[in-house]
Amino acid sequence: MQIATWNVNSVRTRLEHVVNWLQSHPAVDVLCLQETKVVDADFPHQPFTDLGWHTYIYGQKSYNGVAIVSRQPMSDIKMGFAAILDDVGDLDEQKRVIAAIANDIRIVNLYVPNGSAVGSDKYEYKLRWLDALRQYLQALLANDPRPTLICGDFNVALEDIDIHDASDRANQVMATDAEREALQSVLHLGFKDVFRKFTAEAGHYSWWDYRGGSFQRNRGWRIDYHFVTENLYERAIACEIDVEPRRLTQPSDHTPVIVEF
DNA sequence: ATGGCTTCAGAATGAAGA
């Protein structure tokens, strides 16, 4: 089984890229999308359903939004933190969480807030959101201990080797100790970075800034992940970043990451 | 260089992304 994650930076703008990619990667069973940037009523279901695929969406106007495209029907679709947590305050106003089950694997598709700038209101929101994610996953695993995968755009580089240049990381959003600690608190529930089962060295990235020729110079960040419970970690046989879509004209600034079990 | 691109929304001296 293959599961992929891809922040497409607008599913409507990237529709042709996404459909072509799925058609050229027939072994991918489930594709988790982030930053769909479209209200549910306007989501372009038809290009997917015409090819026999199933779509599960949780979107909003202009910003954020997550979706899952699956070759087979999925079950137990859960939108937002409120599907699990009682009091989520303002944390579901931005649509960033959708979960479902395929092949007895719980797949949680996430778009973690960016945080804007260290110390800003959005940065504080990001840290608060990650704490809610920890509570959400703790409750989810307690209610249902099946194999679980969380994937998506985490907007945090876990280690210095996940950044092309970490020298100023204390001042850089996605790289600060507080963000790493908040994400590690999530992972301490029992999740492991499956990419690192197969690849130890630096220089592998999933996002490159549109500006300054960052992709051509490979000045990237690895911020898109598959984190899996121990049973899935043992079952994983590959985890790869597919840089090819980043070479296309009018690309997303992120590229897909695929895990295979 | 509070920058450099790109998206959406809607008409901005914009907001947000990362």
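Since the structure is predicted, the reported quantities are computational estimates derived from the model, not experimental observations. Lettering follows sequence order; numbering is per chain, from 1.
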J.: Report the residue (A:Lys37 or A:Arg96) whose heavy-atom-nearest nucleotide on DNA chain B is the more 5′ of the two.
T.: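 The answer here is A:Lys37.
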J.: Is any side-chain N of the basic residue among A:Arg180 and A:Asp160 closer than 4.0 Å to the acidic one's carboxylate O?
T.: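 Salt bridge present between A:Arg180 and A:Asp160.
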J.: Under 4.0 angstrom, heavy atoms only, what part of the nucleic acid is A:Tyr111 near: base, sugar-phosphate, or nothing?
T.: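 Sugar-phosphate contact only.
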J.: For the residue pair A:Phe195 and A:His204, is the inter-centroid distance of their aromatic rings smaller than 6.0 Å?
T.: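 Centroid distance A:Phe195-A:His204: below 6.0 Å, so yes.
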J.: Counting the atoms with a prime plus P, OP1 and OP2 as sugar-phosphate, which does A:Asn7 contact under 4.0 Å by heavy atoms, base, sugar-phosphate, or nothing?
T.: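 If one applies the 4.0 Å heavy-atom cut-off, A:Asn7 turns out to touch the sugar-phosphate alone, with no base involved.
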J.: For the pair A:Arg246 and A:Asp253, find out whether any cationic side-chain nitrogen is under 4.0 Å from an anionic carboxylate oxygen.
T.: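 Not counted as a salt bridge, because no side-chain N and carboxylate O are separated by less than 4.0 Å.
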J.: Classify A:Gln172 by what it touches in the nucleic acid, base, sugar-phosphate, or nothing, heavy-atom distance under 4.0 Å.
T.: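 Contact class for A:Gln172: none.
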J.: Under a plain distance cut-off of 3.5 Å, with no hydrogens placed, do A:Gln72 and A:Asp29 share a side-chain donor-acceptor pair?
T.: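 Side chains of A:Asp29 and A:Gln72: no pair found under 3.5 Å.
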J.: Which is the 5'-most and which the 3'-most nucleotide of DNA chain B that has an atom under 4.0 Å from a heavy atom of chain A?
T.: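 On DNA chain B, the outermost contacted nucleotides are B:dG4 to B:dA18.
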J.: Would a line drawn from the ring center of A:Trp21 to the ring center of A:Trp6 be shorter than 6.0 Å?
T.: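 Yes; A:Trp6 has its ring centre under 6.0 Å from that of A:Trp21.
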J.: May I ask you to check whether A:Phe154 and A:Phe227 place their ring centres under 6.0 Å from each other?
T.: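 For A:Phe227 and A:Phe154, the ring centres are under 6.0 Å apart.
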J.: What is the nucleic acid contact for A:Asn155, judged by heavy atoms within less than 4.0 Å: base, sugar-phosphate only, or nothing?
T.: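 Result for A:Asn155 = sugar-phosphate.
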J.: Please work out the stems of DNA chain B from pairs that are Watson-Crick or G-U wobble with both distances under 3.5 Å, keeping only runs of three or more consecutive pairs.
T.: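 Expected stems, ordered by start: B:5-8 with B:14-17.
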J.: Looking at A:Tyr205, does the NZ or CZ of A:Arg222 lie under 6.0 angstrom from its six-membered ring centre and within 45 degrees of the ring axis?
T.: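 Pair A:Arg222/A:Tyr205 does not count as cation-pi.
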J.: Looking at A:Asp209 and A:Arg219, does any basic side-chain N land under 4.0 Å from a carboxylate oxygen?
T.: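 Looking at A:Asp209 and A:Arg219, the cut-off is not met.
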